[in-house]
Amino acid sequence: MPAEALRFYDTLTRRKVEFVPRDPGRVSIYACGVTPYDDSHLGHARPAIFFDVVRRYLTARGWQVRYVQNFTDIDDKIIARAAKEGVPPLELSARYADRYLAAMDALGVKRADAYPKVSEHIPLILEMVQKLVEKGHAYVGGGDVYFSVESFPAYGRLSGQRLEEIVAGARVEVGEEKRHPADFALWKAAKPGEPAWESPWGPGRPGWHIECSAMSLHYLGNHFDIHGGGIDLVFPHHENEIAQSEAYTGDPPFVRHWLHNGLVTTKAEKMSKSLGNFTTVEAILKDFPPEFVRYFLLSVHYRSPVAFSPEALAASRRGWERLLLTWYELNRRLGTALPGRAQRTGETGETRDTRETRETREGDNLLVNPEPLELSVAQARETFDRAMADDWNTPVAISALFDLARAVNLALQAGLPTAAGAGATTGGRPGPEAGDNVAAGLLLAGELFRELAVDILGILPGDPEAAVKGIGPATVTTARPVSEPAPAGAAGEAPVSARATPAAVAAATAPAAAAVAESGLVEQLVDLLLEVREEARRRRDFAQADRIRNRLGELGIVVEDTTAGPRWRRRRE
RNA sequence: GGCGGAGUAGCCAAGGGGCAAGGCAAGGCUCUGCAAAAGCCUCAUUCGUGGGUUCGAGUCCCACCUCCGCCUCCA
């Protein structure tokens with residue numbers, strides 16, 4: 001992939017900066033995870049998918065990425081919820097953490113390199129709090145430990161506010177022993193019955209912000225590259241992280257760059273648990289394929305809000321389907337010529353050959369003599385890379401795929417060799433060379449589709465035929481525990497739907513194995529019917545052919561005739 | 001009130017000083033036994049409003065209007 005300098009918007013400096021990693025060739029990222037006490041919704045999916053794409057893109061650029069995401073597995077809401085359900089808090093949060101992972105798996109989100117939990121890093125946190133007290137940045141009050149914002153002059157820099165302004169809006173809870181309204185708890189004394197850990201200040205538990213400082217520093221070291229999360233975390237969470245971390249290390253900056261994603265809204269309102277207006281990932285995956293959900297979320301720039309509604313989802317469905325069908329057709333035509341995993345195609349820029357081909361073409365009828373596919377491929381790659389390198393502009397990156405899809409369909413339509421034989425042109429320019437050229441172009445296009453749409457964005461399934469026909473490997477229905485390492489195959493490339501099929505999480509209750517066996521049978525039966533239909537068509541017995549097609553249609557099977565033979569897919573509602 | 005962000009075609013959405021990407025929808029057409037799919041063409045003298053800077057402004061400046069986020073848990 002060409003080395004277009006990578007630039008992105010840094011929340012701290014409020015402008016686009018050129019990204020240079022702390023360690024050459026390696027990128028360290030920490031993204032704030034969730035507080036698992038309920039099912040995940042689209043608002044959780046957005047940052048997960050966005051950072052997943054960031055990670056995959058950086059990897060594709062040749063960087064080695066270390067990605068860490070935390071679980072805040074002990075806090076007020078977890079305790080409250082656990083009390084309501086009558087289960088131990090840590091058991092509850094562990095359960096929902098696993099459910100979160102299952103949902104993200106289903107969305108094709110690659111597993112992070114580590115998922116540290118607060119409850120498993122208490123000593124680390126205690127040590128940090130202790131040191132902050134010793135250094136005079138924190139003080140003890142009635143079993144609580146507070147960070148003193150006045151001891152940290154740079155406080156407010158990330159959120160662009162001065163202390164006095166913050167004070168105006170700050171609320172002080174009754175009974176708190178803060179010296180300054182903006183001071184925040186590093187350690188909270190336990191109330192009777194609450195889970196607690198021993199500390200020099202009595203039994204208690206960590207405050208909300210300290211965990212991320214302790215764990216990110218622990219896993220990634222000081223000055224790590226990118227710290228991210230939803231934009232709603234800027235203040236106070238990330239502001240506080242900076243303060244306590246830099247006060248602790250005495251060696252700023254805690255983080256080199258801050259990266260925040262915009263929120264998902266419904267009816268012009270932020271989607272959130274507390275507002276009760278959320279749609280769970282599970283619910284959405286009942287109706288939509290995971291790759292489409294990614295497409296939907298990535299079709300808006302990451303810093304802008306995404307307005308979610310069933311209508312919005314439905315409206316963007318068709319466009320995605322065009323991409324999918326093109327990808328499907330590309331796979332059909334290329335057959336085994338298209339490797340399961342695209343090779344890095346090296347320098348595929350515009351070559352002298354492509355230029356010459358273009359210049360020497362006769363006539364202007366594009367339908368008969370399409371612009372060399374190689375050129376379109378090179379353009380798509382360049383546009384894609386430029387877009388991604390310029391503040392992760394996924395909408396433009398996706399538009400490059402639409403342009404490529406058009407070029408591919410045009411080439412396909414011009415009459416091209418099928419996978420079976422390279423000479424079988426039905427239209428197009430006469431002569432075997434033209435066919436060969438286009439076949440080569442199609443191969444390049446196929447490889448690029450896989451590289452950009454499947455491997456980096458994850459908006460198209462790795463196996464489009466299986467996806468389109470509703471068959472394929474068993475769905476991931478049970479979450480691997482957090483502690484369990486990701487499967488080996490998922491390390492480098494993540495074919496999104498090789499594992500996660502449309503139903504994914506939603507299908508948790510379905511007998512997966514049986515379903516797969518059945519869909520295999522369906523596939524064979526449909527193929528059989530289509531063979532019969534082809535015979536009928538050859539006899540010009542269109543009544544019979546149409547009957548088969550219509551009946552299949554009633555069963556939800558769409559049949560389409562193409563120059564390369566009939567193809568079918570399941571209809572999506 | 002303070003801080004941050006947004007208003008671009010019927011809808012979604014890029015762009016961000018040199019005469020408006022992409023997608024959906026709509027209309028016309030081509031291919032096809034028919035259909036579907038695909039392709040071609042049409043679809044914003046105009047970028048919330050009013051001023052200003054400039055040879056030139058969605059793009060910069062000022063004011064105003066509307067909306068959203070944060071300031072409390074939040075992805």
Side-chain angles (χ1 to χ4, degrees), chain A residues 11 14 31-35 40-48 50-51 69 72 75-77 156 159-162 164-171 173 182 208 228-237 239 260-265 268-275 295-296 299-301 303-307 311-312 314-323 325-326 328-329 365-367 370 383 387 390 393-403 405-415 427 537 540-543 545-546 549-550 553 558-563 566-569:
Chain A
T11 311
R14 292 206 179 72
C32 283
V34 296
T35 300
S40 310
H41 56 71
L42 256 201
H44 300 121
R46 166 118 107 146
F50 170 61
F51 282 100
Q69 189 183 17
T72 302
D75 96 318
D76 292 344
K77 278 192 271 198
S159 56
Q161 304 190 91
R162 283 167 302 156
E164 313 87 77
E165 291 159 351
I166 296 171
V167 172
R171 300 174 199 183
E173 310 255 331
W208 174 35
I231 198 162
D232 53 349
L233 292 180
V234 170
F235 190 89
H237 187 54
E239 189 74 71
H260 291 100
N261 62 273
L263 306 177
V264 177
T265 63
E269 221 182 25
K270 169 184 175 178
M271 178 182 286
S272 75
K273 293 264 172 64
S274 40
L275 289 171
Y295 167 87
F296 177 75
S299 65
V300 178
H301 188 85
R303 281 194 278 126
S304 303
V306 173
E311 297 74 38
S316 62
R317 183 67 175 266
R318 299 278 164 70
W320 175 77
E321 245 160 36
R322 208 174 96 218
L323 247 26
L325 290 179
T326 301
Y328 172 33
E329 192 60 17
N365 192 337
L366 290 179
L367 204 117
T383 300
D390 183 12
N393 197 332
T394 53
V396 171
I398 289 172
S399 80
L401 292 173
F402 274 104
D403 290 338
R406 180 182 297 107
V408 166
N409 285 322
L410 203 51
L412 246 19
Q413 194 168 86
R537 291 184 73 216
R540 304 195 66 78
D541 181 359
F542 295 121
D546 288 350
R549 187 174 60 195
N550 289 340
V558 179
V559 175
E560 295 164 344
D561 298 316
T562 77
T563 54
R567 70 175 185 188
W568 65 273
R569 63 176 196 270

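Every heavy atom of this structure was used, including side-chain atoms; hydrogens, water molecules and symmetry mates were not.
At the heavy-atom level, Asp76(A) lies nowhere under 4.0 Å from the strands shown. Residue contacts shown for Asp546(A) include a base, since a base heavy atom lies under 4.0 Å away. Residue contacts for Lys273(A): at a heavy-atom cut-off of 4.0 Å it reaches no nucleic acid atom on any strand shown. Counting any heavy atom pair closer than 4.0 Å across all strands shown, Phe235(A) reaches sugar-phosphate atoms only and no base atom. No engagement by His237(A) is indicated, since no non-hydrogen atom pair under 4.0 Å with the nucleic acid exists. At a threshold of 4.0 angstrom between heavy atoms, the contacts of Arg46(A) with the nucleic acid are absent. Within the nucleic acid shown, Val34(A) comes within 4.0 Å of sugar-phosphate atoms alone, with no base atom in reach, counting heavy atoms only. Base engagement by Leu263(A) is indicated by at least one non-hydrogen atom pair under 4.0 Å involving a base atom. Contacts of Gly43(A) with the nucleic acid, taken as non-hydrogen atoms under 4.0 Å apart, include base atoms. Residue Gly156(A) is classed as having no contact, given no heavy-atom separation below 4.0 Å to the nucleic acid.
Pair check for rG1(B) finds rC71(B); Watson-Crick or G-U wobble, both atom distances under 3.5 Å.
Contact of Arg549(A) with rA35(B) (side chain to base): a donor-acceptor pair of N or O atoms is detected under 3.5 Å. Side chain Asp75(A) to base rC73(B): no donor-acceptor pair is found below 3.5 Å.
If you take NZ of Lys270(A) and C1' of rG69(B), they are 7 Å apart, rounded to a whole angstrom. Residue Arg322(A) contributes atom CZ, which lies 7 Å from atom P of rA38(B) at whole-angstrom precision. The distance between atom CZ of Phe402(A) and atom C1' of rC24(B), rounded to the nearest whole Å, is 9 Å. Protein atom CZ of Arg540(A) is 12 Å distant from nucleotide atom P of rU32(B), rounded to whole Å. The nearest whole Å value for the distance from the CG atom in Leu325(A) to the C1' atom in rG23(B) is 15 Å.
At rA37(B), none of the side-chain N or O atoms of Asn409(A) fall inside 4.0 Å of OP1 or OP2 (strictly under the cut-off).
Considering only heavy atoms from C-beta on, Arg537(A) stays 4.5 Å or farther from Arg549(A) through its side chain.
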Below 3.5 Å is the cut-off: list the nitrogen or oxygen pairs between protein and nucleotides 3-12 of chain B, distance only.
unit_1	atom_1	unit_2	atom_2	d
rC3(B)	O2'	Ser159(A)	O	2.7

Atom pairs under 3.5 Å, N or O on each side, protein against nucleotides 27-29 of chain B: can you list them with distances?
none

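Between the CG atom in Asp232(A) and the CG atom in Leu263(A) there is a gap of 5.0 Å [rounded to 0.5 Å].
Between Trp320(A) and Tyr295(A), the ring planes lie tilted relative to each other; the angle falls in the 30° to 60° range.
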Please determine whether side chain to side chain contact (heavy atoms under 4.5 Å, CB included) holds for the pair Arg569(A) and Leu325(A), giving the CA-CA distance in whole Å, both sets of side-chain angles, and the decisive distance to 0.1 Å.
CA-CA 10 Å; Arg569(A) 63 176 196 270; Leu325(A) 290 179; 3.7 Å; yes

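In the set rC34(B), rA14(B), rG22(B), the nucleotide with an atom closest to the side chain of Ser399(A) is rG22(B).
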